[in-house]
Amino acid sequence: MMSQSDSNPSIAKTPEPPYYAVIFTSERTDGDNGYGTMADRMAELAAKQPGFLGVESARDSSGVGITVSYWESLEAIKNWKDNPLHLGAQNKGQTDWYKTYGVRISRVERDFFF
């Protein structure tokens, strides 16, 4: 069975499970304040990290967003969390970009796509 459909390029192409998902849910502050540029930089940087599998992201008009990044291992997730450039973005997020946010880490045991 194919793990991921090729029919929708906005859906991450993940391998057969198991793998891990980092679910980042946030509520933005008003204004961009450099957020868009940094988000693009972080997406490019994450894609270059060992163990990165893909990312999916959505944000509604009220500023609530969910980004799910997929990783091969818990070690790969920790290395990304501790990346110095990512740490800088995290700090800026706490001071400038987010009213609130949460992070959940899950192991994907099964997936299926249509």
Side-chain angles (χ1 to χ4, degrees):
M1 177 172 138
M2 188 169 154
S3 176
Q4 161 64 54
S5 170
D6 290 330
S7 64
N8 188 343
S10 63
I11 296 176
K13 292 175 176 63
T14 50
E16 291 293 324
Y19 53 87
Y20 292 87
V22 176
I23 306 157
F24 179 75
T25 307
S26 63
E27 184 177 359
R28 286 285 319 278
T29 57
D30 294 330
D32 183 77
N33 303 313
Y35 176 83
T37 300
M38 183 63 81
D40 290 344
R41 287 181 57 207
M42 289 300 104
E44 290 171 11
L45 183 61
K48 295 176 183 176
Q49 301 307 299
F52 176 82
L53 300 174
V55 65
E56 299 161 345
S57 189
R59 186 167 300 282
D60 70 16
S61 60
S62 71
V64 174
I66 299 173
T67 298
V68 183
S69 59
Y70 300 100
W71 300 86
E72 289 178 353
S73 66
L74 292 173
E75 180 182 9
I77 293 168
K78 181 178 180 342
N79 289 340
W80 171 238
K81 181 185 183 308
D82 294 341
N83 177 288
L85 295 174
H86 187 213
L87 285 170
Q90 291 171 54
N91 290 334
K92 191 89 165 146
Q94 291 174 354
T95 61
D96 294 357
W97 296 322
Y98 300 116
K99 291 179 186 175
T100 186
Y101 67 84
V103 177
R104 298 172 178 101
I105 299 173
S106 301
R107 181 178 156 111
V108 177
E109 296 290 341
R110 273 185 35 182
D111 65 12
F112 53 93
F113 296 87
F114 173 76

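Residue numbers start at 1 and run along the sequence shown.
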Checking ring pair (Phe, Tyr, Trp, His ring centres under 6.0 Å) for the pair Tyr101/Phe24: CA distance, chi angles, key distance, verdict?
-> CA-CA 7 Å; Tyr101 67 84; Phe24 179 75; 5.4 Å; yes
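- A donor-acceptor distance shorter than 3.5 angstrom exists from the side chain of Asp60 to the backbone of Gly63, with no hydrogens or angles considered.
- The nearest pair of heavy atoms linking Glu109 to Pro17 is O-CB, 3.4 Å.
- Asn83 and Leu45 make their closest contact through OD1-CD2, 3.6 Å (heavy atoms, listed as atom of the first residue, atom of the second, distance).
- Distance check, rounded to the nearest 0.5 Å: NZ of Lys78 to CD of Glu75 gives 9.5 Å.
- No donor-acceptor pair closer than 3.5 Å links the side chain of Thr25 to the backbone N or O of Ile66.
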Could you go through the side chain to side chain donor-acceptor pair (under 3.5 Å) check for Trp71 and Ser69 one step at a time?
-> CA-CA 7 Å; Trp71 300 86; Ser69 59; 2.8 Å; yes
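- Tyr98 and Val68 fall into different hydrophobic clusters, where Ile, Leu, Val, Met, Phe, Trp and Tyr are joined by side-chain heavy atoms under 4.5 Å apart, directly or via other members.
- Shown here for Val55 and Ala12, the closest heavy-atom pair between the two residues is N-CB, 3.8 Å.
- Proximity of a side-chain donor or acceptor of Arg28 to a complementary backbone N or O of Lys99 within less than 3.5 Å is not detected.
- Following chains of ILVMFWY side-chain contacts shorter than 4.5 Å, one cannot reach Leu53 starting from Val103, and the two form parts of different hydrophobic clusters.
- Closest non-hydrogen pair, Val22 versus Ile105, comes out as CG2-CG1, 4.1 Å.
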Could you walk me through whether Ser106 and Ile23 pass side-chain contact (heavy atoms from CB on, under 4.5 Å), step by step?
-> CA-CA 8 Å; Ser106 301; Ile23 306 157; 4.0 Å; yes
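- Scanning all heavy atoms of the two residues, the minimum distance from Ile11 to Glu56 falls at CG2-OE2, 3.3 Å.
- Taking the six-membered ring where tryptophan is involved, the planes of Trp80 and His86 are essentially parallel, since the angle between them stays under 30° and well short of 60°.
- Shown here for Trp97 and Asn33, the closest heavy-atom pair between the two residues is NE1-O, 2.9 Å.
- Under the 3.5 Å distance criterion, the side-chain polar atoms of Thr95 are matched with a main-chain donor or acceptor of Lys92.
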I would like to know whether Ile77 and Leu74 meet side-chain contact (heavy atoms from CB on, under 4.5 Å); could you show each step before the answer?
-> CA-CA 5 Å; Ile77 293 168; Leu74 292 173; 4.3 Å; yes
For Thr14 and Tyr19, what are the C-alpha separation, side-chain angles and deciding distance, and is it a side-chain contact (heavy atoms from CB on, under 4.5 Å)?
-> CA-CA 8 Å; Thr14 50; Tyr19 53 87; 3.1 Å; yes
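- A donor-acceptor pair under 3.5 Å links the side-chain atoms of Gln90 to the main chain of Lys81, judged by distance alone.
- In this structure, CD in Gln49 is found 9.5 Å from CE in Met42, a value given to the nearest 0.5 Å.
- The OH atom of Tyr70 lies 9.0 Å from the CG atom of Asp111; values are rounded to the nearest 0.5 Å.
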